[in-house]
Amino acid sequence: MEALILPELLDTRYSVPFSDLLKKQEDGFLLDGGSVARVGGLCFQLLVSAFTTAQALNVPFEIRNVSEGMKENLLLLGGDFLLQGAGEA
């Protein structure tokens, strides 16, 4: 499974393309957060939806190379559970 490289800004402008990309992930969700500086509310909701979908379908969900900015934003938004199993590529 190839990692989906996330952009610097996971903001409102990226939410529609991000949703489309997530819908194409059939074997699970492998995301690379090394470049992410900020996570906005809509993209956070998409991450939570992908996590929930992965659990329901019993497929992997992992965010690799989590940047400090992404980690801080996810913690502030209550998304620390998304970082379980986060690793280095």
Side-chain angles (χ1 to χ4, degrees):
M1 176 176 6
E2 190 172 326
L4 175 61
I5 309 295
L6 301 176
E8 181 180 1
L9 300 176
L10 285 173
D11 59 6
T12 301
R13 283 179 277 164
Y14 187 66
S15 62
V16 171
F18 188 37
S19 175
D20 292 340
L21 289 170
L22 289 173
K23 288 175 187 175
K24 294 177 183 176
Q25 305 300 306
E26 297 176 359
D27 299 328
F29 302 90
L30 178 57
L31 310 171
D32 186 308
S35 299
V36 178
R38 189 181 60 170
V39 179
L42 289 176
C43 285
F44 173 70
Q45 290 176 10
L46 290 170
L47 287 169
V48 171
S49 177
F51 177 83
T52 304
T53 299
Q55 286 189 318
L57 297 176
N58 199 28
V59 297
F61 177 92
E62 182 181 354
I63 303 174
R64 290 187 179 169
N65 300 322
V66 179
S67 68
E68 283 302 311
M70 183 177 196
K71 183 177 180 179
E72 288 175 13
N73 282 201
L74 290 178
L75 292 175
L76 285 171
L77 292 164
D80 53 322
F81 62 94
L82 297 171
L83 299 173
Q84 296 173 0
E88 298 297 317

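With rounding to the nearest 0.5 angstrom, the CG atom of Leu30 is 5.5 Å from the CD atom of Glu62. The CG atom of Leu6 sits 10.5 Å away from atom CG of Asn65, with the distance rounded to the nearest 0.5 Å. To the nearest 0.5 Å, atoms CG (Leu47) and CG (Leu42) are separated by 11.5 Å. Rounding to the nearest 0.5 Å gives a distance of 10.0 Å between CZ of Arg64 and CD1 of Ile5.
Residue pairs meeting the ring pair (Phe, Tyr, Trp, His ring centres under 6.0 Å) criterion with at least one member in residues 7-28, sequence neighbours excluded, are Tyr14-Phe18. Here salt bridge (Lys or Arg N to Asp or Glu O under 4.0 Å) pairs that include residues 1-13, with residues two or more places apart or in two chains, are Asp11-Arg13, Asp11-Arg38. Identified under the salt bridge (Lys or Arg N to Asp or Glu O under 4.0 Å) test for residues 41-57, with sequence neighbours left out: none. Applying the salt bridge (Lys or Arg N to Asp or Glu O under 4.0 Å) test to pairs two or more places apart or on separate chains, none has a residue in residues 68-78. Residues in residues 15-28 take part in no salt bridge (Lys or Arg N to Asp or Glu O under 4.0 Å) pair, two or more places apart or across chains.
Across all non-hydrogen atoms, the minimal contact from Ala54 to Pro60 is CB-O, 4.0 Å. Of all the heavy atoms in Leu77 and Val39, the pair that sits closest is CD1-O, 3.8 Å.
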Tell me, with the steps shown, if Met70 and Leu31 meet side chain to side chain contact (heavy atoms under 4.5 Å, CB included). CA-CA 12 Å; Met70 183 177 196; Leu31 310 171; over 6 Å; no
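Contact annotation: the side chain of Ser15 approaches that of Leu46 to within less than 4.5 Å [non-hydrogen atoms, C-beta and beyond]. Side-chain contact between Leu10 and Phe44 is absent, with no heavy atoms from C-beta onward closer than 4.5 Å.
By the rule that hydrophobic residues join a cluster once side-chain heavy atoms approach within less than 4.5 Å of another member, Val36 and Leu75 end up as members of one cluster. Residues Phe81 and Val66 fall within the same hydrophobic cluster, defined by Ile, Leu, Val, Met, Phe, Trp and Tyr side chains chained together at heavy-atom separations under 4.5 Å. Linking ILVMFWY side-chain heavy atoms closer than 4.5 Å, directly or via other members, places Leu9 and Leu74 in two distinct hydrophobic clusters.
Residues passing the side-chain contact (heavy atoms from CB on, under 4.5 Å) test with Thr53 are Phe29, Ser49, Leu57, sequence neighbours excluded. Residues meeting the salt bridge (charged side-chain N to carboxylate O under 4.0 Å, His left out) test with Asp80, sequence neighbours left out: none. Partners of Ser35 according to the side-chain contact (heavy atoms from CB on, under 4.5 Å) rule, which considers only residues two or more places apart in sequence or in another chain, do not exist here.
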